[in-house]
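Chain identifiers are assigned alphabetically (A, B, ...) following the order of the sequence lines, protein sequences preceding nucleic acid strands; residue numbering begins at 1 within each chain. Values reported hereafter were calculated over all heavy atoms of this structure, with side chains retained and with hydrogens, waters and symmetry mates removed.
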Amino acid sequence: KAGVTQTPRYLIKTRGQQVTLSCSPISGHRSVSWYQQTPGQGLQFLFEYFSETQRNKGNFPGRFSGRQFSNSRSEMNVSTLELGDSALYLCASSLGLGDSNQPQHFGDGTRLSIL
Amino acid sequence: GEDVEQSLFLSVREGDSSVINCTYTDSSSTYLYWYKQEPGAGLQLLTYIFSNMDMKQDQRLTVLLNKKDKHLSLRIADTQTGDSAIYFCAPNSGYALNFGKGTSLLVTP
């Protein structure tokens with residue numbers, strides 16, 4: 001069974017640009033979550049989608065957005081990039097059923113560098 | 001938000017046991033996870049424990065949960081050099097995971 005796939009693996013952008021990252025979950029998983037990992041702040045939760053709806057959101061500015069498609073694939077978008085957005089962006093998928101957390105499986109991430 | 005605390009570094013000799021500790025504040029966490037991250041890679045789910053359990057064993061891994069003290073530990077038996085990595089404790093908060101800063105485990109021959 002294929003794992004969580006994130007594309008691209010590496011990305012270099014300049015300040016003010018926008019970027020879109022993609023995530024394909026494990027087959028059969030309907031929940032996709034996004035996390036940002038930086039050396040200073042560690043791993044922080046961005047948002048979670050289930051059945052094309054944002055079900056939970058972390059404490060990030062509105063420049064960070066996402067969406068989920070009917071096949072459960074997800075994209076996240078960051079607009080007006082800032083130097084501080086340089087990070088490893090990790091996507092995780094889970095079955096997403098029920099009213100509580102279930103084991104999340106992570107992809108290898110997209111490393112975003114802002115010049 | 002929830003606080004999750006872990007010690008930053010641990011060094012052990014190959015063949016010894018490693019114990020990585022974690023404390024958390026959110027008593028409503030229902031699942032508590034341990035993840036491993038190797039350089040340049042994402043997070044690998046190692047094991048997890050449900051909040052109504054106090055111990056779970058999975059091959060070389062043993063997880064202990066003291067819910068009263070909000071303390072979680074991961075014991076790795078017969079630690080190998082391939083176990084060198086960063087280990088994250090992650091209790092859930094609803095659908096999200098709250099991560100500690102991670103414990104960097106160094107296994108020396």
Side-chain angles (χ1 to χ4, degrees), chain A residues 3-7 9-10 21 23-26 29-51 53-60 66 68 87-111, chain B residues 1-9 20 22-53 56 58 61 63 65 67 72 74 85-104:
Chain A
V4 177
T5 304
Q6 291 188 246
T7 56
R9 285 296 311 278
Y10 303 93
L21 312 181
C23 173
S24 293
I26 291 171
H29 284 191
R30 294 169 60 189
S31 167
V32 173
S33 298
W34 289 88
Y35 293 82
Q36 182 197 63
Q37 186 177 28
T38 59
Q41 299 299 316
L43 280 150
Q44 294 184 285
F45 171 73
L46 280 155
F47 27 65
E48 186 251 356
Y49 287 86
F50 178 78
S51 290
T53 300
Q54 187 181 85
R55 198 164 55 171
N56 202 5
K57 188 178 188 304
N59 189 25
F60 277 80
Q68 186 180 34
L88 180 66
Y89 290 88
L90 291 162
C91 168
S93 76
S94 69
L95 289 170
L97 302 174
D99 59 359
S100 183
N101 184 259
Q102 292 176 334
Q104 296 185 19
H105 299 269
F106 284 78
D108 283 335
T110 294
R111 184 161 296 282
Chain B
E2 153 141 14
D3 287 330
V4 180
E5 299 288 338
Q6 299 179 239
S7 52
L8 290 181
F9 299 103
I20 301 171
C22 169
T23 58
Y24 61 98
T25 58
D26 187 353
S27 57
S28 68
S29 295
T30 49
Y31 287 89
L32 300 103
Y33 299 90
W34 284 102
Y35 285 89
K36 175 184 179 183
Q37 187 175 36
E38 297 184 72
L43 301 178
Q44 176 192 351
L45 176 62
L46 285 178
T47 186
Y48 62 96
I49 190 167
F50 193 55
S51 60
N52 67 354
M53 300 168 65
K56 180 179 179 182
D58 186 358
L61 306 178
V63 179
L65 174 61
K67 199 173 178 184
L72 184 71
L74 173 70
I86 301 176
Y87 291 80
F88 292 93
C89 163
N92 80 291
S93 176
Y95 295 110
L97 297 178
N98 285 305
F99 286 90
K101 295 287 190 195
T103 298
S104 185

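Residue B/Leu45 touches chain A through its side chain alone, counting heavy-atom pairs closer than 4.5 Å. Of the two parts of A/Leu88, only the side chain, counted from C-beta on, holds a non-hydrogen atom closer than 4.5 Å to a non-hydrogen atom of chain B. With a threshold of 4.5 angstrom between heavy atoms, A/Arg9 approaches chain B through side-chain atoms but not through N, CA, C or O.
Taking both residues in full, the closest heavy atoms of B/Tyr35 and A/Gln104 are given as OH-O, 2.5 Å, listed atom of the first, atom of the second, then distance. Looking at every heavy atom in both residues, A/Pro103 comes nearest to B/Tyr33 through N-OH, 3.1 Å.
Every residue two or more places apart in sequence or in another chain that forms a ring-ring contact (aromatic ring centres under 6.0 Å, His included) with B/Phe50 is listed here: B/Tyr31.
Under a cut-off of 6.0 angstrom, the local environment of CG in A/Asn59 is sparse, with at most 12 non-hydrogen atoms contributed by other residues, nucleotides or ligands.
Proximity of the aromatic rings of B/Tyr95 and A/Phe50 is defined here by a centroid distance below 6.0 angstrom, and this criterion is not met.
With rounding to the nearest 0.5 angstrom, the CG atom of B/Leu97 is 9.0 Å from the OG atom of A/Ser94.
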List the atom pairs, donor and acceptor, that lie under 3.5 Å between side-chain atoms in residues 37-44 of chain A and the rest of the protein, sequence neighbours left out.
unit_1: A/Gln37; atom_1: OE1; unit_2: B/Gln37; atom_2: NE2; d: 3.0
unit_1: A/Gln37; atom_1: NE2; unit_2: B/Gln37; atom_2: OE1; d: 2.9
unit_1: A/Thr38; atom_1: OG1; unit_2: A/Gln41; atom_2: N; d: 3.1

